[in-house]
Structures are given as structure tokens and as C-alpha cells.
Amino acid sequence: MRRHGWLRLPFWLTYLFLYAPIVVLVVMSFNRNKSPYTWGGFSLDWYGRLAENDSIRTGLVNTLIVALGSTVLSTVLGTLLAVGLARHTRSRLLDALSTLPAILPDLVIAIGLLVFYSAIKLTLGLHSVLIAHTVFGMAFVTAVVRARLGGMDTSLEEASRDLGAAPLTTFVKITLPTLAPGIVAGALLAFTLSLDEFVIAFFTAAPSEPTLPIVIYSMVRFGVTPEINALATLLLAVSFTVVIVAQRLTRLTEALR
Amino acid sequence: MTARQPARLLGKAAGRVATMGPGFGFLTVFMLVPLALVLSYTVFRRGRFGGVLYEPTGENFTRLADPLYLDVVIGSVKLAAITTLLALLLGYPTAYLIAKLPARWKVIALVAVVLPFWTNFLIRTYAWIVLLNSEGPVNSGLKALGLGPVELLYTDGAIVAGLLYAYLPLMILPLYSAVEKLDPELREASANLGARPARTFWSVTLPLSLPGVLTGCVFVFVPSLGNFVIPELLGGGRRIMVGNLIRDQFLKARDWPFGSVLALAVIAVLVLLLFAQAWAARRAGRGA
């Protein structure tokens, strides 16, 4: 480390840059003042206000419905896909296809689905957002579960097969339990991603049923209020917890390379 | 043995369909078909209320050369390129040092890089509105130093700051994995042969980590081009980027064919950069 003394400056600058805005947001959410810029003493007022805000509550309920639904769907489809890619094929094309939703810009996925929904005359609603979020949620579940499969000892599966177990039995009794931490981590990631996703929801949601990020977007466009700071702090707490739990369950940082 | 062969083949095929069928079926319907639709819309005339009239035309592509739109494209490429360069300048040293940390700290440092990325993107952008506002903390600091207040919000600089904040983690992760894979013996060999550290960096470390550099650049540059929220919220709508233009074609102007052409342009940039990355990865693989 000593040899790279001058490299420390950009290193610490990176972390300062990443965390200073977050710290400012969190501190200001406990500010008594109405102006979010000057400190007027500690207060939890803005959290109370938040609880009374109807549009935020509706947005939160919509978001939870979408996030839970798309997480279940992403987890089932993504886990199966990961097992298939690891055990049943060597095709690099299929491999690339499974990661494509994570690489494509969100705006491209968003307009694609808008065009598609309009072509099949599907009425927009929470279901259309749920499907859209499954498209990329699945890609992340697949990646995380595959990373877990990569480090998995196959001898147990082989033993199960040699002892005459049907493929389905082996899958349910051996493969799934071994993969469980990866599956849970993937599910958690799909959940936070959906919870926070804005661009695709903006294109595929019905105006009457906005998700929480869409509600935040319209609030932010009207200007800065300490209420948003309070909401931001709560959302940050949820995301941080989920990601740290996911990291504990699997070596997330390895999977996302 | 031979009698069981067809049954086993059948079992293999069944396993394939049972595991990958639902996932790829879903992706085909909800990703590939929509993408194909967008591609096909590029050659048709616009419908009056969105959608298309099925009359072929090349007009949508020639409109891209209209100075009005060309300016938007050049301006966005400039801002996205500046963002990418800054991400590289901050990200490379950071990734390099992370790779040198003891294992325990390495994980903590990496998680600390990833954490902000998994938080709400609007909230992260909102944080910069608070920071850069004329009465915000940055300006109070400048005022205290007798340098301000300066107009920071609603400038190109604010857009770059927002984009950098949104995508810096996506630069650091691939850089980290590229640097970490490097064989330290190569650097030692270079040093033993008398190369100074700078020389070793330019002729050994950097070329071998080039695939990671390019992956990081793709992950920062392409989404920066396609972002419409940050130019709107931090640029105050004064700067229109490709992302804003695409959003407007679909949600305001209802010119889906032209919007599709713009989206195709973004996909083309993505594909081009991915090919460059694959090429660099092959070269680095051969060298090592």
C-alpha cells in the first residue's frame, strides 16, 4: 500500500464522492427547519408527515405488489435458467441472451415493452410493470445462482443419480437445497431492483396506478422538500440492509462481475 | 446399455426444456419480440397517435442528420464521454488499490462501492439537487471561502456529476476484476528487467487490464447516453440528451418510428463497444 501513496487520493475521493451525498440526505431528513439547507435542530417531523402522505402510501402499496410478484416470477424462471445453462448446454449464445436484459439500457427495454403492449392491445396497469420488471430481475437471479452453481460440488448429484433417483428428485432434494443461499440472494436483489426501478415503470405503468419511484419523480420535479429526504433515508435503509444480507448469503461481488 | 440410450437422450432433452424453456420463452416474448418490433418500426411512417402506418420509408434515418438532432447527439456523446473519462480516472486507481487490500478489507471496500448503486436512482439524483443548490452545502462552503455563490445546478457540470454518481460503481467492478486477475509476477519481471513503475504500468498493467477498462467504459458510456432523468432534473431541461429525445418521441411527440431509430443508434453504439471489448479480451488473453 505504501508504494502506491499517490493512488490513495483518488481512492478516498471515490468513497467521499459516493457517500457524501447520502450522508447529507440522511442528516437533513432529521432537520427541524423547513428549508432543507440549514440546520434547525433534531426532529422526526418529516417522518410523521410521510406517514400521512396518501400518494406516497398508494405508491408504496403498488410498488410492493409489483416487487413481490416480479421477484417470485424472476426467482423461479431465473433459478431454472441458471441450472439449465450450467448443466444442459454449452451454448455461448444462450449464455449471452440470459444476460442481455442486464446489459441493455433500461430505456430500450422500456420502449420495447411500450411498443409491444400497444401492439397486443394490453391495458397498462400493475401487471404490465410486473412483467417488465421480471425481464431484468430474472437476469440478475440467473447470474447470482450461476455463480453459486459454479462453485458447487457435483458429486452429490451424481451419487443421487447413480442410486437411481429420478432427475426431478435429484433436483428437489440435492440441487435446490445446495443452491438455496444463491437463490435467496438473487431474489433479494430482484426485489430491491424492482423496488427502486423508475424508467421502465414510467413507460409501462398506468397513470392511475403509479409505483413509488414514479411518485418520487413527480415530487422531485416540483422541488426539494424535507419529506423526500425522510423517504430517501428509509429507502436507503431498506436497500442497504437487503444488499448486505445478500452479500452475506453469497459472494455477491463475485457474481456481478 | 444401448437400450437405455434413447431414453437418456430423451431425458436430456426434457431436462433442457424443463429448465431453460420457461425462462427463454419469457425472454423471447417480452424482450426479443419487443426489440424486433422496435427495429421494424424504424422503416415505417409514423401513425397519427403513436404507432405506425405500414408504409415503408427511409425518412426516419435521414432525419437523424438534421442539424437540430445532430446537435443533441454530439452534445450527449460529449457529456457521456467526459463522464466515462472521469469514471476511469477515479475508478482505475480505486480498483487497483482495492485489489491490493487484504482479503477482509477487499470485500468491505467492494461492497461499499456497490451499495450506492443498489439504492434508488431518483434518490441519488435528488441528493445532487440538494448538494448543488444555490443555498446547498457546496455553495455554503464556497461562500465561506469567499468564492461563491456559483450557479452549479442546471449546468452541464451538474449533469456530469449526476451521471458519474449514477454509474461510477459500474466502472469500478470490471476494473477490479481485471486488475485482480493480473499475475503479479509479470509486473515483477518488468521491474527486474529495469522498467520504472510508470513504464511497467503503461506497457504491462494497462494493456492486460484493457478488457476491464473497456467493459467499464461500456457500462458507463451507454447508460449515460440513454439517461433522460438526470439531464431533466440536474440540467433543468436546458440540455437535451439522446435519452430525452427518445422519451419525447414515445411519450410526447408520438413519433415512434423516429424514436425507434434513436434507440437503434444507442443499441448500435452498445454492440460496437461490446465488439471492441471482446477484441481486447482476446488480445489480452493471447498476450498472457
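Protein chains get the first letters and strands the later ones, always in sequence-line order, with residue 1 at the start of each.
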Listed partners of A:Arg221 passing side chain to side chain donor-acceptor pair (under 3.5 Å), at least two apart
A:Tyr217, B:Glu232
Which portion of B:Leu233 sits near chain A, non-hydrogen atoms under 4.5 angstrom
side chain
For A:Ile109, is it the side chain, the backbone, both, or neither that has a heavy atom closer than 4.5 Å to a heavy atom of chain B?
neither
Heavy-atom pairs under 4.5 Å with chain B - which of A:Ile111, A:Thr142, A:Thr89 has more of them than the others?
A:Ile111
The interface call for B:Leu115 against chain A, heavy-atom contacts under 4.5 Å, is both
Given a strict heavy-atom distance threshold of 4.5 Å, which part of B:Tyr41 is in contact with chain A: side chain, backbone, both, or neither?
side chain
What part of B:Ala95 is in contact with chain A, defined as an atom under 4.5 angstrom from a non-hydrogen atom: side chain, backbone, both or neither?
neither
If we ignore angles and hydrogens, is there a donor and acceptor under 3.5 Å between the side chains of B:Thr119 and A:Ser239?
no
Can you tell me how far the CH2 atom of B:Trp118 sits from the CG atom of A:Leu188, to the nearest 0.5 Å?
10.5 Å
Engaged part of A:Leu9 at the chain B interface, taking heavy atoms whose separation is under 4.5 Å:
neither
Side chain, backbone, both or neither: which part of B:Leu264 has a non-hydrogen atom closer than 4.5 Å to chain A?
neither
Roughly how far apart are B:Thr125 OG1 and A:Ile216 CD1, rounded to 0.5 Å?
11.0 Å
Quick one: what part of B:Arg247 sits under 4.5 Å from any heavy atom of chain A, side chain, backbone, both or neither?
both
Counting distance only, does the side-chain N/O of A:Tyr15 pair as donor-acceptor with the main-chain N or O of B:Ala109 below 3.5 Å?
yes
Note, A:His88 side chain near B:Thr19 side chain (heavy atom, < 4.5 Å):
yes
Does any heavy atom of chain A fall under 4.5 Å from the side chain of B:Val52, the backbone, both, or neither of them?
neither
